[in-house]
Amino acid sequence: MIRWITQTGEFISRASEGAGFGLALLARTSLLVGTLIRWHYRAALFRQLFICGITTIPVVMVVSVFTGMILALNGGITLAKLGQEALIGQIVTISMTREMGPFMTALILAASVGSAMAAELGTMKVSEEIDALEIMAIEPARFLVLPRLIAMAIMTPVLTVYTSLVGILGAAVVSSSQYGVSYLRFKTEALNALTNKDMYTGLLKAFIFGIVIAVVGCSQGLRTSGGAIGVGLATRRAVVISYLLIIILGYYVTFIFFRIEW
Amino acid sequence: MSETPASQQTLEPLVELLGVEKAFGTQKVLRGVDLKLFESETLVVIGRSGSGKSVTIKHVVGLEAPDRGQVLVFGRDMAKLSRKERDQARLRMGYLFQSSALLNWMTIEENVELPLLEHRADLSASERRQLVAEKLKLVEMEAAAGKYPGQISGGMKKRAALARAIVLGPRIILYDEPTSGLDPVIARTIDEVIANTGKTLKASQVVVTHDMDSAYRVGHRIAMLYEGRIIASGTPEEIKSTNHPVVQQFITGSPHGPITDGLLAQNKH
Ligand SMILES: Nc1ncnc2c1ncn2[C@@H]1O[C@H](COP(=O)(O)OP(=O)(O)OP(=O)(O)O)[C@@H](O)[C@H]1O
Ligand SMILES: [Mg+2]
């Protein structure tokens, strides 16, 4: 029992230490945004934009089209009983832009790009490359974290738009083939339902998730110790922590925008 | 006890470690290291594997901070410098990592160019390239300039890292086992590079090594780290002719002597 309490205590202190490190890293990196003008940082940024935004497209596409199809299939079952299958377009559009789009994108990016960040920086840490940068008076926050942070902050919203569109298309196909809703009708319903607020809250979420994934991935990487095992642990932690934060923050953003009267 | 020329004795040391103590957890690695590095001298630090040589020179660049004691570099306490001041001090120091620590996604050339890109905005691209080529030639690495660290051998990485360490023309250069893992021919080449760098850049250098050949060749002074302290220091001749039993055993590489007796005694308990 006492052991359990000390373990919980240790876990909490380790978690808050990690959170502190992550927040400090975020603050420090944000202060450095201006330094991107130097050309070799721009090269690094383009490389990260490519990794985050282009290499992830195939998996994002498959996941999003099936998410849309599942939403349509499930929603259609209930709606068809009420004779309202035409409303599938509304339901899918709202849930894709507001929730599922940013959410699915973020989970994919956390699992692929965020974990890679932790592994890459973790390996650099244990092979003394981070120390080498420090000794050359090259700040890792600027050289390594900044391009990753900016790339994620830009690419998560961009991919989210893509995810939502592809998901809605998938839903249109299913509602036409399974429930006989015409594409035109689907489109009318979809556009009817869509509000600006849905879109910008969705994009805001994506933006926040992108930052979370980059900061968690990089800070876990930079805090790595203990060889290959340490790198494995850092990678695993990066994914788990990102997932938790994405779910929790996702809830609160929706809460703030849709439940609180402004 | 050291045989540094009288003119140097009157000078302020560039680097001074005063009673540096460092422990990792319960393991006490340094138990009061005193060490001075003077202008234009090459100091070799020898010691057994795991004796804390790397930890000692990491204190000089501020990668480790002492638990007790002081590290003075250019006359200033490393622990009391701001980030900016520390970076400025680091720019005047070069450091060759035991593990080379080259960045894996950059070619050898780009690795060597990185410090210039970062800190010499005054240089044009062609001036930078020329400097890089010059340093790579010095360590006989021109042929591998376009390769990635993953594609070359450990010894080649070490030489590339050496080029990177000296590319900014530092005042103080720290080499962590520059010749380990190199074939004898290249090892002697590296010794020459170190000796020449000391002369041409007028750099003060610390070379950590277990390679006694190399130590005698490059060192103006040799210091031995043992059980967390500097137990002897002097010119290569003094070290060669010392009657300190631990130093004797170390430089002759004999399996019998106080070093191994100590180990046996420990094992018995
Ligand atoms: N960051 C660290 N955390 C924990 N222990 C460490 C750390 N760095 C060094 N040590 C320990 O300190 C001791 C001295 O290490 P150091 O790397 O300085 O040895 P060394 O003299 O350079 O040996 P070698 O010749 O093998 O390179 C070792 O026992 C090592 O395990
Ligand atoms: Mg070492």
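All values below come from the heavy atoms of this structure, side chains included, with hydrogens, waters and symmetry mates left out. Protein chains get the first letters and strands the later ones, always in sequence-line order, with residue 1 at the start of each.
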A:I130, part contacting chain B, at a heavy-atom distance under 4.5 Å: neither
Row check, B:F24 ring normal vs B:K22 NZ/CZ: under 6.0 Å, within 45°: yes
A:E129 side chain to A:S127 side chain, donor-acceptor N/O pair below 3.5 angstrom: yes
Pairs of heavy atoms under 4.5 Å with chain A: top-ranked of B:N104, B:L91, B:L103, B:V61: B:L103
Qualifying residue, where the test is side-chain contact (heavy atoms from CB on, under 4.5 Å) with B:L225 and the options are B:V208, B:I230, B:V29: B:I230
Heavy-atom proximity to chain A below 4.5 Å, by part of B:L168: neither
Proximal component of A:M136, with respect to chain B [non-hydrogen, under 4.5 Å]: both
Side-chain donor-acceptor pair present, A:E128, B:S99, cut-off under 3.5 Å: yes
